[in-house]
Amino acid sequence: MKVIKSMVAAPKARIAVVVARFNHFISNSLLEGAIDTLERVGQVAKENITVVWVPGAYELPLTIKTLVETQKYDAVIALASVIRGATPHFEYVAGECSAGLSNVAMTSNIPVAFGVLTTDDLEQAIERAGTKAGNKGADSTLAALEMVNVIQAIKG
Ligand code: INI
C-alpha cells in the first residue's frame, strides 16, 4: 500500500494571496490569518509571498487565472467575504466566484484554496475572520500548504 500524506511546512513554496477589498475589515483579518500561517506554520519566506488586492470576490477567478498562467506560483489563496443582502446579488457573486476558482484550479493544476466566506450576515463573517469560529484565512492557507506538498508528492 502506498499512502501519500503531506506536511504543511513548505519553505520553498511560492504563494500568491489574492484578497478582495470589498468588506475590507473582514478581508484584512483573513489576510492577517493567511500571512501568519504562511510564515509561522508553513515557514514560507517573506520574499516568496505575493499579495494582490482586487475590488471584490467576483474579480478573484480572473486574477488568479492570470497569476497561475505566469507559472510563478505553487499555490494561490483566494480571500473574500460575500455577505447576503436584500437582493439575489449575493448568489451571483458567491456562485461565480466559487465556480470560477474551481475552474482555475482544475484547468491549471495549481491548488487554489477557497478562503471565501459566504455568510448570512456581518456577525457570521466576523466570527469566521479571527474571532470565535477561527479564521478562514488561516484555515484555507493550511489547505494550500498541504496541497503544495500533496501535488509535489504525486508528481514525484
Ligand atoms: N464583493 C464581495 O467581495 N463581497 C460582497 O459581499 C459583495 N456584494 O455583496 O456585493 C461583492 N460585490 C462586488 C463584486 O465582487 C464585484 O467587485 C463588483 O460587482 C464589480 O465587478
Side-chain angles (χ1 to χ4, degrees), residues 8 10 13-42 44-151:
V8 290
R14 300 158 306 164
I15 308 286
V17 185
V18 186
V19 54
R21 202 177 305 108
F22 206 99
N23 298 323
H24 185 269
F25 162 71
I26 303 292
S27 295
N28 232 8
S29 298
L30 297 174
L31 180 61
E32 271 179 30
I35 300 294
D36 178 65
T37 304
L38 284 174
E39 293 183 345
R40 203 170 43 79
V41 184
V44 177
K46 255 192 173 55
E47 59 267 27
N48 286 349
I49 303 171
T50 301
V51 176
V52 182
W53 284 92
V54 296
Y58 190 80
E59 281 71 36
L60 291 172
L62 172 62
T63 310
I64 293 174
K65 178 174 180 283
T66 309
L67 283 164
V68 298
E69 281 172 0
T70 66
Q71 298 191 339
K72 290 182 182 167
Y73 302 98
D74 300 304
V76 184
I77 299 154
L79 302 177
S81 65
V82 193
I83 301 175
R84 197 182 287 279
T87 71
H89 193 69
F90 168 95
E91 318 287 347
Y92 291 101
V93 174
E96 290 305 317
C97 172
S98 163
L101 292 178
S102 156
N103 191 261
V104 174
M106 295 303 284
T107 53
S108 66
N109 293 327
I110 300 286
V112 176
F114 190 66
V116 179
L117 298 175
T118 54
T119 63
D120 288 330
D121 54 40
L122 182 61
E123 191 183 348
Q124 287 180 348
I126 292 170
E127 283 172 4
R128 289 157 181 77
T131 60
K132 68 180 182 188
N135 186 319
K136 186 76 179 164
D139 295 348
S140 55
T141 299
L142 284 177
L145 289 164
E146 183 173 341
M147 285 304 296
V148 167
N149 291 329
V150 167
I151 297 289

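These numbers come from a predicted model, not from an experiment. As the structure lists them, so they are numbered: ligands from 1, and atoms in each ligand from 1. Just the heavy atoms: all of them, side chains too, but no hydrogens, waters or symmetry mates, feed the values below.
- To the nearest 0.5 angstrom, I26 atom CD1 is 7.5 Å from T119 atom OG1.
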Candidate pair L38 and V17, rule side chain to side chain contact (heavy atoms under 4.5 Å, CB included), full reasoning: CA-CA 10 Å; L38 284 174; V17 185; 3.9 Å; yes
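- Numbered from 1 in the order shown, with element, the atoms of ligand 1 that lie under 4.0 Å from a heavy atom of V82 read 4 (N), 5 (C), 6 (O).
- Nearest non-hydrogen protein atom to atom 1 (N) of ligand 1 is F22 CG, 3.4 Å.
- For atom 10 (O) of ligand 1, the nearest non-hydrogen atom of the protein is H89 CD2, 3.0 Å.
- If you check which protein heavy atom lies closest to atom 3 (O) of ligand 1, you get A57 N, 2.8 Å.
- In this structure, atom 19 (O) of ligand 1 has its sub-4.0 angstrom surroundings free of protein heavy atoms.
- Using a 4.5 Å heavy-atom threshold, the side chains of V76 and I15 count as separate.
- Among all non-hydrogen protein atoms, the one lying nearest atom 16 (C) of ligand 1 is E59 OE1, 3.3 Å.
- Atom CH2 of residue W53 and atom OG1 of residue T63 lie 13.0 Å apart, to the nearest 0.5 angstrom.
- Of all the heavy atoms of V93, the ones lying under 4.0 Å from any atom of ligand 1 belong exclusively to the side chain.
- By the neighbour-count criterion of 12 heavy atoms within 6.0 Å, atom CZ of F114 is densely surrounded, having more than that number from other residues, nucleotides or ligands.
- For atom 14 (C) of ligand 1, the closest non-hydrogen atom of the protein is Y58 CB, 3.8 Å.
- Expressed to the nearest 0.5 Å, how far NZ of K65 lies from CG of N103 amounts to 9.0 Å.
- Under a cut-off of 6.0 angstrom, the local environment of CD in E69 is crowded, with over 12 non-hydrogen atoms contributed by other residues, nucleotides or ligands.
- Among V54, V19, I83, L117, the residue whose heavy atom sits closest to atom 6 (O) of ligand 1 is I83.
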Test side chain to side chain contact (heavy atoms under 4.5 Å, CB included) applied to N109 and I151, step by step: CA-CA 9 Å; N109 293 327; I151 297 289; over 6 Å; no
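- Ranking the protein heavy atoms by distance from atom 4 (N) of ligand 1 puts S81 O, 2.8 Å first.
- In summary, the atoms of ligand 1 found under 4.0 Å from a heavy atom of N23, numbered by their order in the structure, are 4 (N), 5 (C), 6 (O).
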